[in-house]
Amino acid sequence: MTEPAAAKGAVVRCVPALPSWVSLTVSDLDGAMAFYGELLGWTFSRGPDRWGPYVRALAGGVAVAGMSASELYLPVAWTTFFGTEDADAVSERIQARGGTVAIGPLGFDAGRMLIASDRSGAPFGVWEGDTTTGAVLSSLAGGPVWIELRTKDAFDSALYYGEVFGWDDRKSGVFDVRWEHERVVLRSTERSVAALVTATDPEARPSWNVYFSVADADESAELAERLGADVLGEVKDSPYGRWADLRDPQGGRFCVQGPRPEDD
């Protein structure tokens, strides 16, 4: 695997109350870079190694995701980080409403962060960073175009996150919450970017699922399988695009999403 370059890449914006970053922890960092680099066209740059080897994934020269290596036995999973203006205040609200804070808030090169679980057990992160400059993550080709919580009760989870991140206090038009297509949907500047949905499998563990932007979901699913991933079910259409549910070679669940054929 080619050694990642030292260049940082352009920084994305921390958008309060919305998913603003995603990160993956794996045991084989080189293997993860090879897989996602081939599948999504990413290149990589070195990031801060305060907690171990870490790289940023770049799409078009912009950092769209992070990856870290750990020797601990941890489940391989993508973590979604929500932006905030105040990580300490959010940490208090997480715990006051029945959630758990596992790590932080801690300072790092791009601000402050924490790792938590909501009251249903779904893990998520919080990032306090620059809210004024940089690209919005969900608008970047090759980046996380859609984030969706699959949980036991979408309405209860929406109340929880709404209280934690102050959804009702946000300026309408810049940030909106609505019910559409059987989901509680978060919209930013008139664009749907994330949702909370009641899972069809009541035994499934609640989790935030990351959908990466691709040009063609069917072709990407076929390529992922050739690269050693599992394709979990058929490629499907949704109101937000055509998507495939995948498991990477190290066990990390994620999705790819492209346009529906009629949207081309």
Side-chain angles (χ1 to χ4, degrees), residues 8 10-25 47-52 54 56 63-68 70 72 74-75 77-138 143-144 147-149 151 154-172 174-177 184 186-189 193-196 206-210:
K8 184 176 182 179
V11 178
V12 295
R13 185 184 311 171
C14 173
V15 182
L18 285 177
S20 298
W21 188 248
V22 296
S23 188
L24 178 70
T25 300
D49 58 2
R50 178 178 174 183
W51 298 295
Y54 181 85
R56 295 184 179 91
V64 296
M67 292 185 184
S68 60
S70 174
L72 302 175
L74 296 171
W78 283 96
T79 299
T80 295
F81 286 79
F82 285 79
T84 183
E85 304 93 336
D86 188 333
D88 292 293
V90 167
S91 177
E92 292 177 3
R93 293 197 291 269
I94 287 170
Q95 296 172 87
R97 288 156 178 80
T100 303
V101 174
I103 300 173
L106 299 173
F108 70 116
D109 69 317
R112 305 181 73 231
M113 57 79 71
L114 64 87
I115 303 291
S117 295
D118 68 23
R119 61 189 176 205
S120 75
F124 68 101
V126 176
W127 170 34
E128 176 189 338
D130 186 349
T131 63
T132 60
T133 60
V136 175
L137 189 66
S138 61
I147 310 287
E148 187 168 271
L149 175 67
T151 189
F155 290 106
D156 181 72
S157 292
L159 288 172
Y160 175 83
Y161 285 96
E163 292 173 348
V164 166
F165 292 107
W167 286 352
D168 289 341
D169 301 327
R170 305 288 167 179
K171 183 179 179 181
S172 179
V174 177
F175 179 89
D176 294 290
V177 182
V184 179
L186 311 184
R187 290 174 60 84
S188 177
T189 57
V193 297
L196 304 88
S207 63
W208 284 96
N209 296 270
V210 182

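Only this structure's heavy atoms are used, side chains among them; waters, hydrogens and symmetry mates stay out.
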Side chain to side chain donor-acceptor pair (under 3.5 Å) involving [X] - partner list, sequence neighbours excluded:
{"X": "Arg13", "value": "none"}
{"X": "Trp127", "value": "none"}
{"X": "Ser23", "value": "none"}
{"X": "Thr80", "value": "none"}

Could you tell me how the ring of Phe124 sits relative to the ring of Tyr161: parallel (under 30°), tilted (30 to 60°) or perpendicular (over 60°)?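 Correct class here is perpendicular.
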Is the closest side-chain heavy-atom distance between [X] and [Y] below 4.5 Å?
{"X": "Tyr54", "Y": "Phe108", "result": "no"}
{"X": "Asn209", "Y": "Trp78", "result": "no"}
{"X": "Leu137", "Y": "Pro144", "result": "yes"}

Contacts of type side chain to side chain contact (heavy atoms under 4.5 Å, CB included), residue Ala89, not counting sequence neighbours: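 Listed in chain order: Asp86, Arg93.
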Holding to side chain to side chain contact (heavy atoms under 4.5 Å, CB included), I want the full list of residues that pass it with Pro206, two or more places apart in sequence or in another chain.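 Listed in chain order: Ser120, Ala122, Thr151, Lys152.
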I'd like to know if the side chain of Arg97 reaches the main chain of Arg119, judged simply by a donor and an acceptor atom lying under 3.5 Å from each other, with no hydrogens or angles considered.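 No: the side chain of Arg97 does not pair with the backbone of Arg119.
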Glu128 side chain vs Ala87 backbone, donor-acceptor pair below 3.5 Å: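 At least one qualifying donor-acceptor pair exists.
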Which pair of non-hydrogen atoms, one from [X] and one from [Y], has the smallest distance, and what is that distance?
{"X": "Pro19", "Y": "Ile147", "result": "CB-CG1, 3.7 Å"}
{"X": "Val12", "Y": "Trp21", "result": "CG2-CE3, 3.8 Å"}
{"X": "Thr100", "Y": "Ile94", "result": "N-CG2, 3.9 Å"}

